Amino acid sequence: MERNCKNCGSLVYAGKSYCADCGAKWIEKRITMRNVGVDFADMYLGIDTKFGRNFIDLFTKPHQVINGYIKGARMNYVDAIRYVFIAIFMSGIYMYVVKTFDIDITAGLANNDEFYRSLGYTEEKIAETNKINGHVFDFITKYQGLIVFMTLPILALIGRITFWRNRQYNFTEHLVFHMYTYSHFVIFTTPISILLSFIDVDILMIWSMLAYPMLFAYNTYCYKKCMYLNWQEAILKALIAIIVSVALAIITFMAGMIFTIIGVIIYKKYINPV
């Protein structure tokens with residue numbers, strides 16, 4: 001039976017669920033709370049069968065998800081941007097739980113007075129370090145979304161330099177790669193972090209310290225799959241990525257020091273001369 005689209009008026013032929021002109025879905029059933037929830041999740045988060053497929057395949061077949069998105073096959077999986085927002089949403093849940101239940105996640109190894117004393121810290125330095133840890137935690141809590149968006153381009157840059165001779169991915173495609181892998185890692189590890197925050201903060205801190213090595217290993221695995229590398233090539237690229245990361249960290253630190261010195265000189269000479 002032919003029908004007219006409720007949005008643009010074009011014909012929607014029998015057996016078709018979407019309008020060929022405007023793409024609107026043909027809806028006949030009455031609206032319910034369940035329908036509203038499903039539509040909201042699908043429109044803003046893409047949480048339907050796509051999410052489950054996304055989650056499983058980023059473990060087993062990451063090349064199908066990532067390379068498929070890059071090449072334009074985007075119907076079967078949650079797109080990269082939405083996956084990032086889901087990860088940020090999961091991080092927000094974690095921070096909400098920590099604040100609501102007043103869990104001091106800095107009370108573990110990072111805030112252990114005996115640990116600092118073993119390093120030779122004075123009591124004044126221990127107090128100052130704990131205060132800095134508190135400020136860092138507050139900053140991460142407040143700007144976690146911004147931190148995620150700042151981290152992704154850095155990871156993409158490291159990837160592009162590491163695969164400089166390999167033209168399979170440009171910078172933007174490396175960015176898409178890390179949008180998927182970083183978000184997937186956050187989505188997978190956040191529920192574990194929430195559980196550990198209730199069980200033992202010390203174990204949570206150890207889990208947190210292992211996060212970056214685990215993310216690095218997962219990225220290596222995904223690059224192997226997406227770039228069709230053997231394990232020898234993948235490990236070699238991983239070592240290059242470590243060198244690139246350290247070099248970028250040193251360059252960033254030195255640039256920060258130089259700009260700080262220049263800023264102090266300008267301030268003392270021109271803004272507030274003695």
Side-chain angles (χ1 to χ4, degrees), residues 23 41-92 94 143-190 211-231 233-245 247-249 252:
D42 184 45
M43 183 177 294
Y44 294 102
L45 298 177
I47 299 179
D48 48 16
T49 55
K50 290 183 180 181
F51 178 79
R53 194 181 302 121
N54 229 78
F55 188 80
I56 294 171
D57 286 359
L58 277 171
F59 281 119
T60 59
K61 299 176 285 189
H63 54 292
Q64 289 193 12
V65 181
I66 298 170
N67 288 348
Y69 180 86
I70 290 172
K71 293 177 181 178
R74 302 175 183 178
M75 290 300 295
N76 294 326
Y77 298 104
V78 180
D79 66 76
I81 294 291
R82 287 185 181 181
Y83 215 52
V84 171
F85 280 113
I86 294 172
I88 293 174
F89 177 71
M90 292 290 291
S91 298
Y94 173 65
Y143 299 105
Q144 57 181 315
L146 177 62
I147 291 171
V148 170
F149 281 111
M150 290 177 62
T151 301
L152 292 173
I154 296 172
L155 294 174
L157 178 61
I158 293 171
R160 185 67 192 91
I161 295 174
T162 300
F163 289 90
W164 186 257
R165 291 181 178 273
N166 189 325
R167 299 296 178 180
Q168 181 175 337
Y169 286 176
N170 58 29
F171 174 81
T172 304
E173 290 164 342
H174 278 283
L175 183 60
V176 168
F177 174 94
H178 287 286
M179 287 169 72
Y180 271 119
T181 60
Y182 186 87
S183 300
H184 187 63
F185 185 79
V186 171
I187 292 169
F188 171 70
T189 58
T190 297
Y212 284 106
M214 288 190 296
L215 176 60
F216 187 81
Y218 176 64
N219 280 336
T220 300
Y221 162 74
C222 289
Y223 267 126
K224 175 186 179 298
K225 288 284 190 177
C226 292
M227 296 284 195
Y228 306 103
L229 309 173
N230 58 44
W231 274 113
E233 293 171 326
I235 293 172
L236 176 61
K237 291 298 184 181
L239 294 175
I240 294 174
I242 293 174
I243 295 172
V244 172
S245 301
L248 287 177
T252 302

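Atoms considered below: every heavy atom in the structure, side chains included; atoms not considered: hydrogens, waters and symmetry mates. Numbers for residues simply follow the sequence, beginning at 1. It should be emphasised that the depicted structure is a prediction, and the values quoted were computed from it without experimental measurement.
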J.: Using 0.5 Å steps for rounding, measure from the CG atom of Leu157 to the CG atom of Leu152.
T.: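 Rounded to the nearest 0.5 Å, the CG-CG separation comes out at 12.5 Å.
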
J.: Return the minimal non-hydrogen interatomic distance between Val186 and Ala87, and the atom names on each side.
T.: CG1-O, 3.6 Å

J.: Hey, what do you get for OH (Tyr182) to CG (Leu155), rounding to the nearest 0.5 Å?
T.: 7.5 Å

J.: Quick one: pull up OG1 in Thr60 and CZ in Arg53 and give me the separation to the nearest 0.5 Å.
T.: 11.5 Å

J.: Looking at every non-hydrogen atom in both residues, tell me the closest pair between Ile81 and Met179 and how far apart they are.
T.: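 Looking at all heavy atoms of both residues, the closest pair is CD1-CE, 3.2 Å.
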
J.: Whether the side chain of Arg167 engages the backbone of Asn170 through a donor-acceptor N/O pair (distance < 3.5 Å, no angle test) should be reported.
T.: no

J.: Decide if atom CH2 of Trp164 counts as having more than 12 heavy atoms of other residues, nucleotides or ligands within a radius under 6.0 Å.
T.: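 At most 12 heavy atoms, drawn from other residues, nucleotides or ligands, come within 6.0 Å of this atom.
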
J.: Using the ring of each side chain (for Trp, its six-membered ring), is Tyr180 parallel, tilted or perpendicular to Tyr83, with breaks at 30° and 60°?
T.: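 Rings of Tyr180 and Tyr83: tilted, as their planes differ by 30° to 60°.
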
J.: Specify the closest pair of heavy atoms between Pro62 and Cys222, including all atoms of both residues, with the distance to one decimal.
T.: CB-SG, 3.8 Å

J.: Counting N and O atoms only, with roles assigned by atom type, does the side chain of Gln168 sit under 3.5 Å from a partner on the main chain of Cys226, one being a donor and the other an acceptor?
T.: yes

J.: Going by atom types only, do Asn67 and Tyr169 share a side-chain donor-acceptor pair under 3.5 Å?
T.: yes

J.: So, for Phe51 and Tyr77, is the gap between ring centers shorter than 6.0 Å?
T.: no

J.: Can you name the residues that form a ring-ring contact (aromatic ring centres under 6.0 Å, His included) with Tyr218, not counting sequence neighbours?
T.: His184

J.: Nearest 0.5 Å, please: how far is CD1 in Ile243 from OG1 in Thr162?
T.: 9.5 Å

J.: Report yes if some heavy atom in the side chain of Lys224 is under 4.5 Å from a heavy atom in the side chain of Trp231; otherwise report no.
T.: yes

J.: For the backbone of Phe59 and the side chain of Tyr221, can you confirm whether one donor and one acceptor N or O come within less than 3.5 Å of each other?
T.: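 Yes, the answer is positive, given that a donor and an acceptor are paired below the 3.5 Å cut-off.
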
J.: My understanding is that only residues two or more places apart in sequence, or in another chain, count here; which of them pass side-chain hydrogen bond (donor to acceptor under 3.5 Å, both in side chains) with Thr181?
T.: Asn219

J.: If you compare all heavy atoms of Ala238 against all heavy atoms of Phe216, which two are closest, and at what distance to 0.1 Å?
T.: O-CZ, 3.1 Å

J.: Looking at every non-hydrogen atom in both residues, tell me the closest pair between Ile70 and Glu173 and how far apart they are.
T.: CG2-OE2, 3.4 Å

J.: Enter the distance from Arg74:CZ to Asp79:CG here, rounded to the nearest 0.5 Å.
T.: 8.0 Å

J.: State the CD1-NZ distance between Ile66 and Lys61, to the nearest 0.5 angstrom.
T.: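 Interatomic distance, Ile66 CD1 to Lys61 NZ, rounded to 0.5 Å: 13.5 Å.
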
J.: Of all the heavy-atom pairs spanning Lys237 and Leu229, show the shortest one and how long it is.
T.: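 Of all heavy-atom pairs spanning Lys237 and Leu229, the closest is CG-CD1, 4.4 Å.
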
J.: Go through the side-chain N and O atoms of Tyr223 and His63 and say whether any donor and acceptor fall under 3.5 Å apart.
T.: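 On atom types as modelled, these side chains do not qualify, holding no pair under 3.5 Å.
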
